[in-house]
Amino acid sequence: MEPSKNVPEDFLKPYNSLEQEDKILSLWEQSGYANPDVCVEKGVTAADAETFSIVLPPPNVTGTLHMGHAAMLAIEDILIRYHRMKGYKTLWLPGTDSAAIATQSKVEEALYKEEKKTRHDIGRVELLKRIDIFTEASKEIIIDQTKRMGSSLDWSRYAYTMDEPRYRAVMTAFVRMYEAGLIYRGDRIVNWDPKLQTTVSDEEIEYKEQTDPFYYLQYGPFQIGTVRPETKFGDKYVVMHPDDERYAQYKHGETIELEWINGPITATIIKDEAADMEFGSGVMTITPSHSLIDFEIAQRHGLDIEQVIDDRGILLPIAGEFAGSHIKKARLAIVEKLKEKGLLVRVDEKYVHNVATNSRGGGMIEPQIKRQWFVGVNKEFKMGESKIPGIPSGSMTTLKQMMLAAVESDAVDIVPDHFKKIYFHWVGNLRDWCISRQIWFGHRIPVWYKGKEIYCGVEAPKGGGWEQDPDVLDTWFSSGLWTFSTLGWPENTLDLRTYHPTSVLETGYDILPFWVVRMILMSGFLLGDIPFHRVYLHGLVRDGQGRKMSKSLGNIINPLDMIEKYGADATRLSLVIGAQIGNDLKLSEDRVRGYKHFANKVWNITRFVLESSEPRGLTFRDSDLMNADDEEKVREAHRLAADVSKHIDGFRLDLAADVVYHFVWHRFADEIIEESKAVLKGDDAVLRASKQRMLYEILIVSLKLLHPFMPFVTEAIWQELPQKESDVLMTAKWPAAAKASADKPV
RNA sequence: GCACCUUUAGCUCAGUUGGUUAGAGCGUUCGAUUCACAUUCGAAAGGUCAUAGGUUCGAAUCCUAUAAGGUGCACCA
């Protein structure tokens, strides 16, 4: 066939995503339109336009892009492109996260593997230097991969959790909370990781099922059960429920003499409701130093607390002859001794229970009592200037009350709705938050000691002899500041005033308790405001059979492979269509392949529309009026625009993508184009001109509606159009819901 | 144990405040086609809406119970 003059050469082949995507990426980058300031400067966005802002949940600097990231990027980019086209002053702010514990342990592992050294051999300064080299080298990877999804992030505002502005924000936040009495140092029971030698937050603990022998021991007149006989040396309190009739004869505070592992001891009876009458014999002994529940019982009754196991899991002198051995090795020897003494009643070999492990690559958790820094969530403080409904400026409140108020009042809306319940459940049960970590990589606690003096401040105190607290802050402490530390806080910047609170926080539902909760806490206290108006929680990406993607199952689908094979547009669509908000998504390679066909379909539709136009190159004149029939078809496309907008506004991106997909393929291509063929080949020039114009207008509307979902192919087409309203589709005007008049040239 | 989610065609899912004959994509079968299409188009088959009750003129949709699958939390000393 003779190619028409209207058809650029590229269109004579199928759509080649690999070839086009690179070109389009650099086109966007050069345009600078991801930066809202550039949009205002170039007149694309009105200077006083409403703002729409999202702060990207920062991926780990040392990580690589997985499907979860890809889904997040696709969803956020759709929201961003849509609002940008609608004329909002739109900011999507990128960043990366240092992921303190995970990153440090990676570097430490490599250090040990390659040089057989530990961090103590090389020291704090050297270790931090190596971590820095490591993160610098790997951050380019994740940034490049992020860009390849087509993410229209404003890289001129890039932030890293460990850079200088964020450091200042973290220090300032700590000092302010310290001065308000919300941060305190105390000896409390914490989750201790003996392997990584650090505390771990409650939320980072993962319970794993494990089968162990369960021992029943004779403790005076009682039988007690335990999986961990090695913790029992110090047990001198025996606890039972106050209503337990079986033990009514024993009075609270009464003492009894009995024979125990290392000889006779005096035990004291404690009546406490924490004892479960249904479990075992209903009697337990407690080890307050290594169990949260036991610690709380001990605190309620003012009992003695003795440490049994040290930081490395070694038994202390209280263990008598077992002192100095590791708990793992000591257990069997202790059981042997109990047996000899006749204290072992029986053993249940297959007892299934949950053990706490550190989900951040550490080992088993050993509760310990430690001097740590905490954020008191139930402590009263005087609220400053407040915009949070229900928490008046200057009133007395607590962090917990403030966090509840933010969501109860709907100032922060969480979608889907049922996650609100989960939020309330979480916040309601929140305990004081342990924020100190005994690792080296992170924001060091801004507290200095000199003898008994303590000083807290952003800068080190003047004069010699001061020593800084060696601990660093929990990574979530700085993450909690993310929506405003990235905008320049603690400075009162224009960005902060313009874009905060952010419009939407979009993240996986699994991270709600860690992050969303902490951001509301930090923003509430430090700014007296919410961090975002809406929280949009997406589901997890699973494999075709609904299983989690994991290395061991070998079912990981790598987004970069998909981009390579089928294009970024197809990858994006496969992560959005069929992904009902908050529900998990089953992804298979076939799905991605299917959407590649769609990208090609759009390409070919364009080819047809251009081919069937007159050689003069689609310059419509007033004489090229559409007839009523064709006008109605254009109006139909605009009605579709209203539907798409409605679905996006309701966060139903799956429906929005689905209706536009269906329209473009099965209405526009299969029906409207097919029906127009006879006229296009016919002799009636007036009818033909009307058709040509109708097809072109619908093509334009379709490209615009598709653009947020599949930005590459639509932009590539836009670049080849002979007549267009803006240099890039990215900043073209979103189609109005109802078209006022059809007689203006496009 | 507590809470939440899911259950609609072979598969993946829509179904908006209850309202005609429950829809789409993929897959299957049949047909057409190389005249925009690394093909595409048309048509067909396929559903006791998990189960049992209830509310209602009317229920996939609301209520109660049950079952199966999943997730989170709590944990058992």
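Here is the naming used below: chain letters follow the sequence lines, and residue numbers restart at 1 for every chain.
Checking B:A36, B:C35, B:C41 against every side-chain atom of A:Lys681, the shortest atom distance belongs to B:C35. For A:His418, the listed nucleotide lying nearest its side chain is B:C5; candidates were B:C5, B:A77, B:A36. Taking the side chain of A:Val227 as heavy atoms from C-beta on, and the options B:A24, B:A36, B:A77, the nearest nucleotide is B:A77. In the set B:A77, B:U40, B:G72, the nucleotide with an atom closest to the side chain of A:Trp426 is B:G72. Among B:G25, B:C73, B:A36, the nucleotide with an atom closest to any side-chain atom of A:His425 is B:C73. Of the candidates B:G25, B:C4, B:U71, the closest approach to any side-chain atom of A:Lys421 belongs to B:C4. Checking B:A77, B:C73, B:A36 against every side-chain atom of A:Ile605, the shortest atom distance belongs to B:A36. Closest to the side chain of A:His662, out of B:A24, B:U71, B:G42, is B:A24.
Nucleotides B:G42 and B:G27 place their P atoms 14 Å apart, quoted to the nearest Å. Rounded to a whole angstrom, the distance from the P atom of B:C63 to that of B:U16 is 14 Å. Using atom P as the reference point in both B:U48 and B:C41, the two lie 30 Å apart (nearest Å). Comparing B:U6 with B:U64, their P atoms sit 15 Å apart, to the nearest whole Å. On the P atoms, B:G18 is 22 Å away from B:U51, given to the nearest whole Å. Taking atom C1' in both B:G47 and B:A24, the straight-line distance is 14 Å, to the nearest Å. The gap from the P atom of B:G69 to that of B:A59 amounts to 31 Å, rounded to the nearest Å. A distance of about 23 Å separates the P atoms of B:U34 and B:C26, rounded to the whole Å.
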What's the verdict on ring-ring contact (aromatic ring centres under 6.0 Å, His included) for A:Phe222 and A:Tyr247, showing C-alpha distance, side-chain angles and the deciding distance?
CA-CA 10 Å; A:Phe222 308 108; A:Tyr247 307 108; 5.8 Å; yes
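By the 4.0 Å N-to-carboxylate-O rule, A:Arg300 lies too far from A:Glu273 to be salt-bridged with it.
OP1 or OP2 of B:C41 sits under 4.0 Å from a side-chain N or O of A:Lys601. A:Trp665 has a side-chain polar atom (N or O) that falls below the 4.0 Å cut-off from OP1 or OP2 of B:C41. Under 4.0 angstrom from either OP1 or OP2 of B:A74 there lies no side-chain N or O belonging to A:Asn429.
Residues forming a side chain to side chain donor-acceptor pair (under 3.5 Å) with A:His666 (at least two apart in sequence, or on another chain): A:Asp670. Scanning for side chain to side chain donor-acceptor pair (under 3.5 Å) contacts around A:Asp417 gives A:Lys420, with sequence neighbours left out. For A:Ala71, the side-chain contact (heavy atoms from CB on, under 4.5 Å) partners at least two apart in sequence or on another chain are A:Val541, A:Leu575. Residues forming a side chain to side chain donor-acceptor pair (under 3.5 Å) with A:Lys339 (at least two apart in sequence, or on another chain): none.
Per the geometry, CG belonging to A:Leu573 stands 15 Å off C1' belonging to B:C26, to the nearest Å. Atom CG in A:Leu292 sits about 10 Å away from atom P in B:A74, given to the nearest Å. Protein atom OH of A:Tyr509 is 12 Å distant from nucleotide atom P of B:U6, rounded to whole Å. Atoms OH (A:Tyr423) and C1' (B:U71) sit 21 Å apart, rounded to a whole Å. If you take CZ of A:Arg542 and P of B:U71, they are 6 Å apart, rounded to a whole angstrom.
At most 12 heavy atoms of other shown residues, nucleotides or ligands fall within 6.0 angstrom of atom CG in A:Asp683.
Within 4.0 Å (heavy atoms only), A:Trp603 reaches no atom of the nucleic acid at all. Using a 4.0 Å heavy-atom distance criterion, A:Lys677 is classed as a base contact. Heavy atoms of A:Lys596 sit nowhere under 4.0 angstrom from any nucleic acid atom. In this structure, A:Val283 reaches the bases: a heavy-atom distance under 4.0 Å links it to at least one base atom across the strands shown. Among the atoms of the strands shown, none is found under 4.0 Å from any heavy atom of A:Leu540. Across all strands, A:Ile422 comes closer than 4.0 Å to no nucleic acid atom at all (heavy-atom distances).
Using modelled atom types and a 3.5 Å distance limit, the side chains of A:His425 and A:Asn429 yield a donor-acceptor pair.
Using modelled atom types, one side-chain atom of A:Asp569 and one backbone atom of A:Phe712 make a donor-acceptor pair closer than 3.5 Å.
Proximity of A:Gln223 to A:Gln218: side-chain heavy atoms (C-beta onward) are separated by under 4.5 Å at one or more points. Residues A:Ile717 and A:Phe11 have side chains in contact (heavy-atom distance under 4.5 Å, counting atoms from C-beta outward).
Taking all atoms of both residues into account, the shortest heavy-atom contact from A:Asp235 to A:Trp260 is O-NE1, 4.4 Å.
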Would you write the dot-bracket representation of RNA chain B, where each base gets (, ), [, ], | or . depending on whether it forms a Watson-Crick or G-U pair under 3.5 Å and with which partner?
(((((((..((((.....[...)))).(((((.......))))).....(((((..]....))))))))))))....
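In this structure, A:Gly282 and A:Pro14 both approach RNA chain B, and ranking their closest nucleotides by distance from the 5' end singles out A:Pro14. Along RNA chain B, the nucleotide nearest to A:Tyr661 and the one nearest to A:Ser291 differ in position, and the one closer to the 5' end is contacted by A:Tyr661.
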Are any protein N/O atoms closer than 3.5 Å to N/O atoms in nucleotides 12-19 of chain B? If there are, list each pair with its distance.
unit_1 : atom_1 : unit_2   : atom_2 : d
B:C13  : OP2    : A:Lys586 : NZ     : 2.9
B:G15  : OP1    : A:Arg652 : NH1    : 3.0

